[in-house]
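Read through the structure below, which is laid out as structure tokens, and then see the notes.
Just so you know, ligand 1 is whichever comes first in the structure, and atom 1 is the first atom listed for that ligand.
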Amino acid sequence: MQYFSTRNKNYKVSAAEAIAKGLAPDGGLFVPETVPAISAAEIKALCDMDYCGRAVNVMSRYLEDFSREELEGYVNAAYGDNFDDAAIAPVHFIDDTTGVLELWHGPTCAFKDMALQMLPHLLTASLKKCGEERKVCILVATSGDTGKAALEGFADVEDTKILVFYPHNGVSDVQKLQMITQSGKNVGVSAVYGNFDDAQTGVKMIFSDKKFAEEISGSGWFLSSANSINWGRLLPQIAYYFSAYCDYVNSGKINMGDTVDFAVPTGNFGNILACWYAKKMGLPVGKLICASNANNVLTDFFESGVYNKNRPFCCTISPSMDILVSSNLERLLYCISEDDELVASYMKALGTEGSYAVSEEIKTVISANFKGGFCSDDDTKALISDMYGKYGYLIDTHTAVACKVVEDYRRNNAVVPTIVVSTASPFKFCDSVLSALGDECNAAGTELIDKLSKSTGLDVPAPLAGLDKREQRFSGVCEREDMIEVVKGFLN
Ligand SMILES: *Cc1c(COP(=O)(O)O)cnc(C)c1O
């Protein structure tokens, strides 16, 4: 199976090349030329497998240039005792029609682990298959969560190094401690004076510095990113939708073939797009419920067919969804229209006007499959408190946004089996969760973790326990202009 750019069907590459390159040269995203089908009998067979078996089976359909043995090796390395639940991505049922797919049992307690534990294996193998002999240095600018998940994914992976830059006073105490205590021989972390944009601009400048690229190429290195638009990050996410469906069937609450709605807390549109691919392959998915916070560009888009990012940016208590341009939406537009020129024209309009309106054809398919909804910070907190009060089940702010949108949706629609995708452990967002529960939260981040544990009786997840006692390895801070010197020092 080949892949091509959403903006140019004639630009075809193999799966390994798509993963090695990340982005197509025309700025488009790589998409598979066809979506592989899976039969009901094959889904039934998945029900008897464990998470790794399901993941190998689903991913192999997209990766013809990888052998089954190779894939099994990567999957077993990615999803093992680094997760604190043997099921890897368990479904917690609140009642017969509502399950919560917990994607936060990995090493950083957030769903990014599902992709970033797998990507390093896919990326290093893809580079080898493409004849790349140099070693790769991953550069990341982070506003918090992605940096840590990428560090955990790439730590001690052969022939790679990873260097993460974070804004000096722009991440939480817990996020900072998570990063500066990272173990591994090939990792580096540096603070940058300024905000996230400064860090991001600095990294972009390094990527576009041709002279620097030549310099490090001479000593056997090249730079790459662990960006969320890489196909190697999207693909591992398709697997957990199949896994969740199988768990629902195995629970006896639905029959094989019954449809299930999925509700996904959405930012860059990666997670929910993986659900769309699962549905296209043949998984019995009903509606895809796209949940947003006050940054409700997508809710408006699903309602009107107009994507308009010209609006104020809101900082919310579900910060990983504070996004105005959802990059992966481009893949959906292509997948529906199969018209590369049309998609290129939308993306051009987004760049120049900040908005575009999709065709009637796309609008029709979207309204048959998607439902958007959003919720305020106050409603998010109220839901956390309600859910905990009624069911004794504690969820984080991002998951709560999705639960609230489902609650609203069910007010006007029949209640059908639904799985809410849970993207972070509540311990990752202690201050908001504590305040939702009515507790005071004027303490340092690490104390809040213990406080939440005391007031709920839940154990602190191992990756967050005793953070303040771990060795702090990376204390450096630099000016934005000096980031390139930090990279040089790191590669020497
Ligand atoms: C990244 C993230 C999201 C958004 O996921 P997308 O794939 O970007 O839509 C939601 N919740 C949490 C906790 C995240 O870290």
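- The backbone N or O of Lys451 sits nowhere less than 3.5 Å from a side-chain atom of Ser453 that would complete a donor-acceptor pair.
- Selection from Asn268, Leu298, Thr266 by nearest heavy atom to atom 8 (O) of ligand 1 gives Asn268.
- Taking 4.5 Å as the limit, some side-chain heavy atom of Phe301 sits within range of a side-chain heavy atom of Ile366.
- Taking distance alone, with nitrogen or oxygen atoms compared against 3.5 Å, Gly270 approaches ligand 1 more closely than that limit.
- A salt bridge is defined here as a Lys NZ or Arg NE, NH1 or NH2 lying under 4.0 Å from an Asp or Glu carboxylate O, and Glu353 with Lys348 fails to meet this definition.
- Phe4 and Tyr334 have perpendicular rings, their planes meeting at more than 60° on a 0 to 90° scale where under 30° would count as parallel.
- Contact atoms of ligand 1 toward Phe269: 6 (P), 8 (O), 9 (O) (distance under 4.0 Å to a heavy atom of the residue).
- In this structure, atom 11 (N) of ligand 1 lies nearest to the protein heavy atom Thr423 OG1, 2.9 Å.
- In this structure, the protein non-hydrogen atom closest to atom 4 (C) of ligand 1 is Gly267 N, 3.5 Å.
- Using the six-membered ring where Trp is involved, His92 and Tyr393 have ring planes that are parallel, under 30° apart on the 30 and 60° scheme.
- Ligand 1 lies out of reach of Ala110, whose nearest heavy atom is not under 4.0 Å from it.
- Annotation: Lys176, atom NZ; neighbour count of heavy atoms from other residues, nucleotides and ligands within 6.0 Å does not exceed 12.
- The distance criterion of under 3.5 Å between nitrogen or oxygen atoms is met by Asn271 with respect to ligand 1.
- Closest to atom 15 (O) of ligand 1 among all protein heavy atoms lies Lys112 NZ, 2.6 Å.
- Counting the atoms of ligand 1 from 1 in the order shown, those under 4.0 Å from a heavy atom of Ala424 are 13 (C).
- Per-residue contacts place His398 under 4.0 angstrom from the following atoms of ligand 1 (heavy atoms of the residue considered): 11 (N), 12 (C), 13 (C).
- Side-chain contact check for Phe370 versus Lys287: every heavy-atom pair is 4.5 Å or farther apart.
- Close N/O approach between Met321 and ligand 1 is not found [any backbone or side-chain N/O within under 3.5 Å].
- With respect to Lys381 and Asp378, no salt bridge is recorded, no charged nitrogen being found less than 4.0 Å from a carboxylate O.
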